[in-house]
Amino acid sequence: MREIHSHPNGEESDVLRQRLIWLSSIRRFAAVGMILASLAGRYVFGIHIPLHLLALLAGFTFVYNRFYSQKIDQSALLSSIAFQQILLDVLVLTITLLITGGFLNPFFTFYFFAVILAWIVLDHRQSIWITVLVAIGFSLQYFASQVNPVDLHLSNEGLLKMGELPFHVVGAPFSFITTAILTAYFVSVIMGDLRKREREVCAARRQTELELNKLDNILHHVEAGMLVVGRSNGVEWANDRLQTWFGAEGMNESKACYRISRFAQQYAPPRLADEAVETAQYFDMQLPTLSNGIRDFEIVVHPISDARGEHIQIIEIILDVTEQKRKNEQWAQAQRLAAIGQLAAGMAHEINTPLGTISILAQEARDMIRENARLCDCPNQKEMEDSLQTIYDQTRRCKDITQSLLNVSRTP
């Protein structure tokens with residue numbers, strides 16, 4: 001049976017509520033059975049028992065049973081209600097036996113059912129209390145002859161007219177039969193509950209195994225390598241990706257995989273001992289792989305804590321960032337080229353201004369030489385005109401080059 005705690009919540013609260021409803025129905029049958037047994041004892045077997053007291057106890061049982069039945073769906077303190085009901089059951093049974101002969105009444109075996117009900121419905125501590133109270137109530141039966149002396153002999157006053165026979169001649173067989181039937185009933189209830197729990201546990205186990213298999217497949221086929229280092233700094237688990245990179249031989253010193261495990265071990269001891277470390281640590285490392293040569297890896301080290309918050313393992317995630325680094329380098333190179341292009345465009349724009357000035361001045365100087373009569377008689381006129389024309393042509397060529405740079409770097 002699953003133990004139900006003092007303050008049940010959720011599913012446990014529903015189970016306890018069902019138990020109390022079941023207990024309430026049993027108590028109704030017990031009260032009716034008390035009345036019928038009292039009437040049969042008095043008018044069928046002629047036993048002189050206090051019918052008025054037994055009727056009063058049966059009525060009291062009906063009253064508190066109805067009272068607690070109404071509180072089952074209204075109160076949140078179900079465990080306290082259950083304990084109070086069984087406590088009253090033990091009290092009623094004790095008083096009933098005290099006024100009907102105590103140990104001479106073979107129905108004192110009903111104390112067993114109070115104990116069984118307590119261990120079915122209540123938690124461990126409350127069940128122990130009920131067991132102790134049952135022992136006390138049973139001990140009090142020693143004083144039954146002093147509390148209410150009764151004559152537990154059959155008589156001819158009953159319908160059966162069985163004469164002066166001891167009560168146990170009839171009571172013991174009825175007590176045995178009733179005890180056997182009720183014991184079988186309670187055992188069937190307990191076993192039914194156990195079988196139900198067993199089916200639930202089996203179903204939960206199968207579901208857990210499916211989830212674990214699914215998780216195992218994910219972890220073994222994920223693109224990242226994963227490694228678990230224990231408290232003794234030994235590798236406890238590694239996924240398939242790690243073995244694909246570094247081989248399936250394991251963590252020996254001749255393999256790159258060993259370097260990863262050693263890397264984790266270097267950081268594992270202080271991390272496992274330091275309760276304040278809860279964040280992941282990031283590191284970079286270059287390692288040779290079986291098929292792709294030396295690769296760049298990013299390693300994430302993170303502590304794993306148990307239920308008490310103590311670090312018991314290190315999980316290490318190894319990411320191959322070679323392609324990412326290559327793309328980052330290509331992107332950085334592209335950024336550098338773009339920056340150079342922008343710089344060249346700016347320089348070309350600035351150079352165009354003095355080139356334009358030089359071109360204009362060279363053209364004006366050439367025109368002045370041609371138009372000035374005094375300069376026309378100069379023996380070096382031809383060379384001067386040719387030089388100025390060359391300056392003009394070269395500046396125009398430079399302007400064309402800078403304009404091409406501008407056209408490439410800017411959107412038309």
Side-chain angles (χ1 to χ4, degrees), residues 22-69 85-118 130 133-189:
W22 170 70
L23 180 60
S24 177
S25 63
I26 291 178
R27 191 177 293 110
R28 284 196 296 270
F29 284 112
V32 172
M34 182 189 300
I35 295 175
L36 294 177
S38 301
L39 294 174
R42 181 66 182 87
Y43 296 108
V44 176
F45 299 104
I47 304 172
H48 296 86
I49 53 177
L51 284 180
H52 58 289
L53 294 178
L54 293 175
L56 184 62
L57 288 173
F60 175 67
T61 303
F62 274 116
V63 170
Y64 77 75
N65 186 56
R66 181 170 180 79
F67 171 76
Y68 283 112
S69 297
Q85 291 185 68
I86 297 181
L87 180 62
L88 288 174
D89 292 339
V90 174
L91 178 63
V92 169
L93 179 58
T94 300
I95 296 175
T96 301
L97 293 174
L98 280 173
I99 64 176
T100 56
F103 292 132
L104 299 177
N105 190 336
F107 287 96
F108 66 81
T109 54
F110 282 13
Y111 272 125
F112 293 121
F113 304 126
V115 175
I116 293 174
L117 288 172
I130 293 298
L133 293 174
V134 165
I136 295 174
F138 181 78
S139 301
L140 291 176
Q141 302 309 314
Y142 176 79
F143 304 100
S145 60
Q146 303 175 22
V147 174
N148 184 40
V150 293
D151 183 11
L152 289 181
H153 284 80
L154 307 182
S155 68
N156 290 324
E157 297 179 7
L159 294 176
L160 297 181
K161 300 184 183 302
M162 300 184 67
E164 297 292 328
L165 294 175
F167 173 62
H168 68 265
V169 173
V170 176
F174 274 103
S175 174
F176 174 78
I177 294 173
T178 306
T179 302
I181 293 174
L182 290 178
T183 301
Y185 171 69
F186 286 130
V187 170
S188 67
V189 171

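For the single chain, residues carry numbers from 1 onward in sequence order. What you are looking at is a predicted structure, and each value in this text was computed from that prediction instead of being measured. Quick note: numbers below take in every heavy atom, side chains included, and nothing from hydrogens, waters or symmetry partners.
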Can you check side chain to side chain contact (heavy atoms under 4.5 Å, CB included) on Q141 and T94, steps first, answer last?
CA-CA 8 Å; Q141 302 309 314; T94 300; 3.5 Å; yes
Please step through side chain to side chain contact (heavy atoms under 4.5 Å, CB included) for the pair Y68 and L23, ending with a clear verdict.
CA-CA 11 Å; Y68 283 112; L23 180 60; over 6 Å; no
Enter the distance from L87:CG to Y64:OH here, rounded to the nearest 0.5 Å.
9.5 Å
Could you check whether atom CZ of F103 has more than 12 heavy atoms from other residues, nucleotides or ligands sitting under 6.0 Å from it?
yes
Kindly give the heavy-atom pair with the smallest separation between H48 and V150, and that separation in Å.
O-CB, 4.0 Å
Rounding to 0.5 Å, atoms CG (L88) and OG1 (T61) come to a distance of 8.5 Å
CG-CG distance between L104 and L152, expressed to the nearest 0.5 angstrom
6.0 Å
Between L51 and L39, what is the shortest heavy-atom contact and its length?
CD2-N, 4.2 Å
Just jot down the side-chain hydrogen bond (donor to acceptor under 3.5 Å, both in side chains) partners of T109, sequence neighbours excluded, or say none.
S175, T179
Between A118 and I86 the two heavy atoms that sit nearest each other are CA-CD1, 3.7 Å
For F108, give me all partners under ring pair (Phe, Tyr, Trp, His ring centres under 6.0 Å), at least two apart in sequence or on another chain.
F138
Between P106 and A172 the two heavy atoms that sit nearest each other are CG-N, 3.6 Å
Excluding sequence neighbours, so at least two apart, what forms ring pair (Phe, Tyr, Trp, His ring centres under 6.0 Å) with F45?
none
Working for side chain to side chain contact (heavy atoms under 4.5 Å, CB included), residues L182 and I116:
CA-CA 11 Å; L182 290 178; I116 293 174; over 6 Å; no
F110 side chain reached by L97 side chain, heavy atoms, under 4.5 Å:
no
Worked check of side chain to side chain contact (heavy atoms under 4.5 Å, CB included) between T96 and L54
CA-CA 7 Å; T96 301; L54 293 175; 3.7 Å; yes
Can you tell me how far the CG atom of D89 sits from the CZ atom of R27, to the nearest 0.5 Å?
4.0 Å
So which heavy atom on A58 is nearest to which on I35, and how close?
CB-CG1, 3.5 Å
Rounded to the nearest 0.5 angstrom, the CZ-CE distance for F107 and M34 is 11.5 Å
Please state whether the rings of W22 and Y185 are parallel, tilted or perpendicular, taking 30° and 60° as the class boundaries.
tilted
Identify the residue among L93, L91, V92 that makes a side-chain contact (heavy atoms from CB on, under 4.5 Å) with I95.
L91
Is it the case that atom CZ in F174 sees more than 12 heavy atoms from other parts of the structure closer than 6.0 Å?
no
Tell me the closest heavy-atom pair linking R28 and N65, and the distance in Å.
CG-ND2, 3.2 Å
Value rounded to 0.5 Å, distance of NE2 in H52 from CD1 in I99:
8.0 Å
